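Single-structure report; data block below.
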Amino acid sequence: MEFNIPPNCPVCHGEMLITSIKCKRCDTEIRGAFRSCDFCRLTADQADFVKTFLSARGSIKDVEKALGISYPTVRARIVDVLSALGLPGGDAEREQPDPASVIEKLESGEISPAEASELLKGKKQGKA
């Protein structure tokens, strides 16, 4: 049975260190101190979202269709992935949309009136 490498210690939440890797085919085993990859920090749901996002070539509309979720939900998931990877923009406060850009997206049909309202309410309440 195989498991994903936990990104953090379940006891102290420190970064995990990989100390052994093994070949599935010939059983060669290498011991040492190996750092986990950045994308290993993602949950299975986050990794699936990234795959969908990349398959859609970054088109939020295509991601919305593929996953059956709204524009604000796609944006929230992007922020969630950025946070998990420790990248700038993961801070929900910085990811709040500009009201003018929300209106522009609404006028172009990129988002629905309900989604625009949700985005603007989040802005007023300090949410992403």
Side-chain angles (χ1 to χ4, degrees):
M1 184 180 290
E2 294 179 8
F3 299 97
N4 287 335
I5 299 166
N8 297 96
C9 173
V11 177
C12 73
H13 304 289
E15 185 180 353
M16 296 297 283
L17 180 66
I18 301 164
T19 59
S20 175
I21 55 175
K22 186 175 184 176
C23 177
K24 284 181 167 183
R25 192 165 128 215
C26 71
D27 277 347
T28 296
E29 189 168 343
I30 302 171
R31 295 187 179 275
F34 308 100
R35 191 176 73 82
S36 177
C37 74
D38 290 340
F39 290 94
C40 295
R41 296 180 193 159
L42 300 179
T43 65
D45 288 341
Q46 290 169 330
D48 288 341
F49 174 79
V50 169
K51 288 177 190 174
T52 302
F53 185 81
L54 293 173
S55 294
R57 289 169 176 67
S59 167
I60 291 179
K61 276 190 165 194
D62 290 348
V63 174
E64 288 177 83
K65 289 177 190 172
L67 298 178
I69 58 177
S70 69
Y71 175 85
T73 302
V74 173
R75 296 285 296 166
R77 290 196 184 175
I78 291 169
V79 170
D80 186 45
V81 168
L82 290 170
S83 291
L85 294 173
L87 295 172
D91 179 359
E93 189 73 9
R94 286 185 281 163
E95 283 298 311
Q96 293 176 357
D98 174 54
S101 70
V102 173
I103 292 168
E104 186 179 305
K105 287 180 185 351
L106 177 62
E107 288 174 346
S108 71
E110 194 172 328
I111 60 174
S112 70
E115 291 168 331
S117 175
E118 188 178 330
L119 285 168
L120 294 172
K121 283 179 187 174
K123 174 94 174 149
K124 288 179 188 173
Q125 297 170 3
K127 294 180 183 174

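Here, residue 1 is the first one in the sequence, and each next residue gets the next number. Fair warning: this is a prediction, and the values are worked out from it, not measured in the lab. All heavy atoms count here, side chains included; hydrogens, waters and symmetry mates do not.
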How far apart are the closest heavy atoms of [X] and [Y], and which atoms are they?
X: Leu82; Y: Pro88; value: CD1-O, 4.0 Å
X: Val63; Y: Ala56; value: CG2-CB, 3.7 Å
X: Lys61; Y: Gly109; value: NZ-O, 3.8 Å
X: Tyr71; Y: Lys105; value: OH-CE, 2.7 Å

- Message: Working to the nearest 0.5 angstrom, can you tell me the gap between Leu85 CG and Cys37 SG?
- Response: 9.5 Å
For [X], what residues pass the side chain to side chain contact (heavy atoms under 4.5 Å, CB included) criterion, not counting sequence neighbours?
X: Cys23; answer: Arg25, Cys26, Thr28
X: Glu107; answer: Ile103
X: Thr73; answer: Ile69, Ser70, Arg77
X: Val50; answer: Leu42, Leu54, Val81

With the side chain counted from C-beta on, respond yes when [X] and [Y] share a heavy-atom pair under 4.5 Å apart, and no when they do not.
X: Phe49; Y: Asp80; answer: no
X: Glu115; Y: Leu106; answer: no
X: Lys22; Y: Asp27; answer: yes
X: Ile21; Y: Phe34; answer: yes

- Query: Does Met16 share a hydrophobic cluster with Phe39, counting links as ILVMFWY side-chain heavy atoms below 4.5 Å and allowing steps through other members?
  - Reply: no
Check salt bridge (Lys or Arg N to Asp or Glu O under 4.0 Å) between [X] and all other residues, then give those that pass, not counting sequence neighbours.
X: Lys65; value: none
X: Asp38; value: Arg35, Arg41
X: Arg31; value: Glu29

- Message: Per the salt bridge (charged side-chain N to carboxylate O under 4.0 Å, His left out) rule, what does the pair list look like for residues 43-55, sequence neighbours excluded?
- Response: none
